[in-house]
Peer 1: 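The structure under discussion is supplied below as structure tokens; questions concerning it will follow.
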Amino acid sequence: MASNGACDTMRVFLLAVGCWLNLLIKYYAMESRANHNQVSHCPNKCLSCVQWLPLFKKKKQNSIEKFQNHDIIVYVLGGPGCGKGTQCSKIVEDFGFIHLSAGELLETEVKTGSETGKMIQEFKKEGKLVPSEVVVKLLKQAMQRSGNRKFLIDGFPRNEENRLTAEKMLGIQPTIVLVFDCSEEEMIRRVMQRNQGRVDDNMDTIRKRLKVYKESTLPVIDYYAKKGKARKINAERPVEEVFRSVEAVFSELGLVKRGKTIV
Ligand SMILES: Nc1ncnc2c1ncn2[C@@H]1O[C@H](COP(=O)(O)OP(=O)(O)OP(=O)(O)O)[C@@H](O)[C@H]1O
Ligand SMILES: O=c1ccn([C@@H]2O[C@H](COP(=O)(O)O)[C@@H](O)[C@H]2O)c(=O)[nH]1
């Protein structure tokens, strides 16, 4: 009798474990399909009972990890007027990235006339760097809104504090860092000819921006160079020639032009 009882208990136990494993397998199969965008919700009513299983999982999904795990992030650096924006537009056209220019995001905030916008305008006029939290917050909002997974982050990080704040607030590391290399004389010439009515496109502010670039941004570039992530490109050539070097870097990343194959 006693041994029959033990057998029954064991049978019930094994049955329970079997059911539990079955549920787990179904749940993970479902989650895996959802991650590959094949389904956006529980595909089958009979599986709805397994939806509470995540309660037992370590909390893992938040916006920070989304950026970390799946996205291609290209930082684009170089001195004022070296041609970052020009090349980014071409990259967007050919490789389907979303272009987030830190300078443009700040300018959009200036145009709202908000108190933050007024503060930003003063920094820009002086060629100084806006506090990191302000820029990173704008970048984060833009990244979340975009729904894209390939980001060109243009003109950021400008100093070590920017870099560390992005790591902390966004949890991001760049896949690669494009560095456009150009002489000061050429950058000054390009900025002075730009003629877009920018508050900082004047000789006095350009000199200040160049100083900030040398003192604060070059150390960030050195940091990424040491990590093997910086790709220096000679930007003192015609636009199309510069872009050919950009394309070479992107093919190193395994990305190919749209229209040729799916990226
Ligand atoms: N390779 C190039 N040769 C000549 N002119 C260029 C080249 N690339 C860009 N330009 C011109 O130089 C000016 C500055 O370019 P762009 O705005 O792309 O620079 P940027 O690095 O984004 O500047 P900033 O950091 O000030 O925002 C623009 O008028 C642009 O048309
Ligand atoms: O990360 C950033 C980016 C920009 N700024 C301020 O904006 C101007 C213009 O930036 P561009 O990228 O050259 O358009 C720059 O001189 C800074 O004042 C910033 O503070 N932080």
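Read the numbers this way: they start at 1 and go in the same order the structure lists the ligands and their atoms.
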Peer 1: Treating T205 as the side-chain partner and G127 as the backbone partner, does any N or O pair qualify as donor plus acceptor under 3.5 Å?
Peer 2: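 Checked: no pair found.
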
Peer 1: Would S101 count as a polar contact of ligand 2, with the cut-off being nitrogen or oxygen pairs under 3.5 Å?
Peer 2: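 In this structure, S101 places no N or O atom under 3.5 Å from an N or O of ligand 2.
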
Peer 1: Quick check against the 3.5 Å criterion: does N195 have a side-chain atom that pairs as donor or acceptor with the backbone of M192?
Peer 2: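 It does not hold such a pair.
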
Peer 1: Please check if atom CE in M10 has more than 12 non-hydrogen atoms from other residues, nucleotides or ligands closer than 6.0 Å.
Peer 2: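 Result for CE/M10: open.
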
Peer 1: Taking only heavy atoms of F156 into account, list the atoms of ligand 2 that are under 4.0 Å away from them.
Peer 2: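 The atoms of ligand 2 under 4.0 Å from a heavy atom of F156 are 1 (O).
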
Peer 1: For ligand 2, which part of L129 has a heavy atom less than 4.0 Å away: the side chain, the backbone, both, or neither?
Peer 2: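 Both backbone and side chain.
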
Peer 1: For K211, is there an ion pair with E215 - N to carboxylate O distance below 4.0 angstrom?
Peer 2: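 So E215 pairs with K211 through a salt bridge.
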
Peer 1: Within the 4.0 Å heavy-atom shell around A102, which atoms of ligand 2 are there?
Peer 2: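 Selected atoms, number and element: 1 (O), 2 (C), 3 (C).
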
Peer 1: With respect to V130, determine whether any N or O atom, backbone or side chain, lies less than 3.5 Å from an N or O atom of ligand 2.
Peer 2: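 There is such a contact, yes.
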
Peer 1: Would you please write out the protein residues whose heavy atoms approach any atom of ligand 1 to under 4.0 angstrom, listed by chain and number?
Peer 2: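 The answer is G79, P80, G81, C82, G83, K84, G85, T86, R190, R194, R198, R209, A235, R237, P238, V239, counting any residue whose heavy atom sits under 4.0 Å from ligand 1.
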
Peer 1: Students should be able to answer this: which protein heavy-atom is nearest to atom 3 (C) of ligand 2, and at what distance?
Peer 2: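 Answer, as residue, atom name and distance: R158 NH1, 3.4 Å.
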
Peer 1: Quick one: look up the protein heavy atom nearest atom 17 (C) of ligand 2 and list residue, atom name and how far away it is.
Peer 2: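 Heavy-atom neighbour on the protein nearest atom 17 (C) of ligand 2: K128 O, 3.3 Å.
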
Peer 1: Among all protein heavy atoms, pick the one closest to atom 7 (O) of ligand 2 and tell me residue, atom and distance.
Peer 2: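 Result: K124 CG, 3.7 Å.
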
Peer 1: Tell me if the CZ atom of R207 is crowded by more than 12 foreign heavy atoms within 6.0 Å.
Peer 2: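 For R207, atom CZ is not crowded (no more than 12 foreign heavy atoms under 6.0 Å).
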
Peer 1: I need the single residue from V177, L178, I172 that forms a side chain to side chain contact (heavy atoms under 4.5 Å, CB included) with P174. Which is it?
Peer 2: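 In the set V177, L178, I172, the residue that makes a side chain to side chain contact (heavy atoms under 4.5 Å, CB included) with P174 is V177.
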
Peer 1: Please check if the distance between the ring centroids of F243 and F250 is under 6.0 Å.
Peer 2: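 No, the ring of F243 stays outside the 6.0 Å limit from the ring of F250, centre to centre.
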
Peer 1: Between ligand 2 and R198, can you find any atom pair, the residue atom being a heavy atom, that is separated by under 4.0 Å?
Peer 2: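 Yes.
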
Peer 1: Is there a path from I206 to L129 through hydrophobic residues (I, L, V, M, F, W, Y) whose side chains come within less than 4.5 Å of each other?
Peer 2: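 Per the 4.5 Å side-chain linkage, I206 and L129 are not co-clustered.
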
Peer 1: Does K229 qualify as a cation-pi partner of Y224, given the criterion of NZ or CZ under 6.0 Å from the six-membered ring centre and within 45 degrees of its axis?
Peer 2: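 So K229 doesn't make the cation-pi contact.
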
Peer 1: For E109 and T116: C-alpha separation, side-chain torsions, deciding distance, then whether side-chain hydrogen bond (donor to acceptor under 3.5 Å, both in side chains) applies.
Peer 2: CA-CA 7 Å; E109 186 63 36; T116 310; 4.6 Å; no

Peer 1: When you measure from the centre of the six-membered ring of Y213, is the NZ or CZ of R158 closer than 6.0 Å and no more than 45° off the axis?
Peer 2: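 Here R158 fails the 6.0 Å and 45° test against Y213.
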
Peer 1: Can you pull out the closest protein heavy atom to atom 16 (O) of ligand 2? Residue, atom name and distance to 0.1 Å, please.
Peer 2: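 Ranking protein heavy atoms by distance from atom 16 (O) of ligand 2, first comes R209 NE, 3.4 Å.
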
Peer 1: In ligand 2, which numbered atoms sit nearer than 4.0 Å to a non-hydrogen atom of G155?
Peer 2: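 Near G155, the atoms of ligand 2 are 1 (O), 2 (C), 3 (C).
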
Peer 1: Give the other cluster members for L164, using side-chain heavy-atom distances under 4.5 Å between Ile, Leu, Val, Met, Phe, Trp and Tyr residues; answer none if it is isolated.
Peer 2: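 Its cluster mates, by chain and number: none.
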
Peer 1: Which residue owns the protein heavy atom closest to atom 19 (C) of ligand 2, what's the atom, and how far is it?
Peer 2: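 Of every protein heavy atom, L106 CD1, 3.5 Å lies nearest to atom 19 (C) of ligand 2.
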
Peer 1: Check each atom of ligand 2 against the heavy atoms of D200 and keep those under 4.0 Å away; list them by number with element.
Peer 2: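 Reading through ligand 2 atom by atom, the close ones are 8 (C), 9 (C).
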
